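These notes are about the structure you will find just below.
Order of appearance sets the numbers: ligands from 1, and atoms from 1 within every ligand. A quick note: this is a predicted structure, and the numbers were derived from the prediction, not measured.
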Amino acid sequence: MSAVGGKVCVVTGAASGIGRALALGLARRGARVALSDVDEAGLAATAQQVGGDVHTQRLDVSDRDAVVAYATTVAEHFGVVHQVYNNAGIAFSRSVLESEFEDWERVLGINLWGVIHGTKAFLPHLVASGDGHVINISSLNGILAQPEMSHYCASKFAVRGFTESLRMEALAAGHRLGVTVVHPGGIKTAIADNAFARAKELGLPVTEADERRRRYYNDKLLKMDAGQAAETIIAGVEANKGRVMVGNDAKALDGLVRLVPSRYPGLVVRGLKRLGPR
Ligand SMILES: NC(=O)c1ccc[n+]([C@@H]2O[C@H](COP(=O)([O-])OP(=O)(O)OC[C@H]3O[C@@H](n4cnc5c(N)ncnc54)[C@H](O)[C@@H]3O)[C@@H](O)[C@H]2O)c1
């Protein structure tokens, strides 16, 4: 179960970073891929790199009706759908005190509702395939919280709970359906730059502290190559793992949270201070 060659695989957020690397890794193994993103230029570049017969479509994963219609389109195009990688996501950084309610709505709309939309819309097709797999991209921040990231952490902790519930349901029902939640640590992608650019586009106040945070993420935290991350994720899917940790940082900090669940917030704050000015 869950081998990738010959499968029809859907990847959201495929215009950049981990999504693009997943598309390339899946296609290399002989999968047929359906790729989507809100960034049409980036999506076209991914499709060109993948080469061959690639299905692409602009899709905003926070738009429920669009995702439901998209699942039908993909199923009709390929005749079957085996795997869905709910990968599209955004970062956002601001303290709870400084945030507006709309900030949580925007982040949860993409990071959590996007995952729920993609899972629910494709699930009947995956079950019908007789060899389906749902892969939801959470984060290290679905296990370990960080200051000034309540929006992101709330979305990613929720993705983990949602996905683990689904895995239990699939096991209880005896479906031939794999369900995997993925927790990447720092992966070298445009996620921090994109968050910074999006905040500017939205007209949100962007401060020198935000610029420092962007540099800090790019220079110190986002280390692993996206291609390597995609390889780890696909290997986890092929092994039908329930949980895939990506990177030594994710594994070590997961261990920290298990070891000292109520003391780790203080340790994280001290650790972040030690890493330098943000
Ligand atoms: N890079 C990391 O260190 C890291 C760590 C943990 C988890 N993740 C998660 O991995 C996933 C991919 O992130 P990445 O690092 O490749 O970032 P990225 O910014 O390089 O790629 C994210 C892609 O999602 C797309 N996207 C954004 N909003 C969308 C929407 N509403 N509908 C459809 N597509 C949308 C963007 O256009 C972009 O192409 C995200 O869910 C992210 O939270 C990343």
I'd like a table of the close N/O pairs between ligand 1 and the protein (anything under 3.5 Å), one pair per line with both atom names and the distance.
unit_1: ligand 1; atom_1: 1 (N); unit_2: Ile187; atom_2: O; d: 3.1
unit_1: ligand 1; atom_1: 1 (N); unit_2: Thr189; atom_2: OG1; d: 3.1
unit_1: ligand 1; atom_1: 3 (O); unit_2: Gly185; atom_2: O; d: 3.2
unit_1: ligand 1; atom_1: 3 (O); unit_2: Ile187; atom_2: N; d: 2.7
unit_1: ligand 1; atom_1: 3 (O); unit_2: Ile187; atom_2: O; d: 3.4
unit_1: ligand 1; atom_1: 15 (O); unit_2: Thr189; atom_2: OG1; d: 2.6
unit_1: ligand 1; atom_1: 16 (O); unit_2: Ile18; atom_2: N; d: 2.8
unit_1: ligand 1; atom_1: 19 (O); unit_2: Asn194; atom_2: ND2; d: 2.8
unit_1: ligand 1; atom_1: 20 (O); unit_2: Ser16; atom_2: OG; d: 2.5
unit_1: ligand 1; atom_1: 31 (N); unit_2: Asp60; atom_2: OD1; d: 2.9
unit_1: ligand 1; atom_1: 32 (N); unit_2: Leu59; atom_2: O; d: 3.4
unit_1: ligand 1; atom_1: 32 (N); unit_2: Val61; atom_2: N; d: 3.0
unit_1: ligand 1; atom_1: 37 (O); unit_2: Asp37; atom_2: OD1; d: 2.6
unit_1: ligand 1; atom_1: 39 (O); unit_2: Asp37; atom_2: OD1; d: 3.4
unit_1: ligand 1; atom_1: 39 (O); unit_2: Asp37; atom_2: OD2; d: 2.7
unit_1: ligand 1; atom_1: 41 (O); unit_2: Asn87; atom_2: O; d: 2.8
unit_1: ligand 1; atom_1: 41 (O); unit_2: Lys156; atom_2: NZ; d: 2.9
unit_1: ligand 1; atom_1: 43 (O); unit_2: Tyr152; atom_2: OH; d: 2.6
unit_1: ligand 1; atom_1: 43 (O); unit_2: Lys156; atom_2: NZ; d: 3.0

**Request:** Evaluate salt bridge (charged side-chain N to carboxylate O under 4.0 Å, His left out) for Asp210 paired with Arg213, printing each intermediate quantity in order.
**Result:** CA-CA 5 Å; Asp210 293 315; Arg213 188 179 295 114; 2.8 Å; yes
Atom pairs and distances, donor-acceptor, side-chain atoms in residues 196-204, under 3.5 Å, two or more places apart:
none

**Asked** Given side chains that start at C-beta, do those of Met245 and Ile143 come closer than 4.5 Å, heavy atoms only?
**Response** yes
Name each donor-acceptor pair under 3.5 Å that joins a side chain in residues 39-51 to protein atoms two or more places apart or in another chain, with its distance.
unit_1: Asp39; atom_1: OD1; unit_2: Ala41; atom_2: N; d: 3.3
unit_1: Asp39; atom_1: OD1; unit_2: Gly42; atom_2: N; d: 2.9
unit_1: Thr46; atom_1: OG1; unit_2: Ala14; atom_2: O; d: 2.7
unit_1: Thr46; atom_1: OG1; unit_2: Arg20; atom_2: NE; d: 2.8
unit_1: Thr46; atom_1: OG1; unit_2: Arg20; atom_2: NH2; d: 3.4
unit_1: Thr46; atom_1: OG1; unit_2: Gly42; atom_2: O; d: 3.1

**Message:** My understanding is that only residues two or more places apart in sequence, or in another chain, count here; which of them pass salt bridge (charged side-chain N to carboxylate O under 4.0 Å, His left out) with Asp103?
**Reply:** Arg106
**Common cluster, Val115/Val68, ILVMFWY with side-chain heavy-atom separation under 4.5 Å** = no
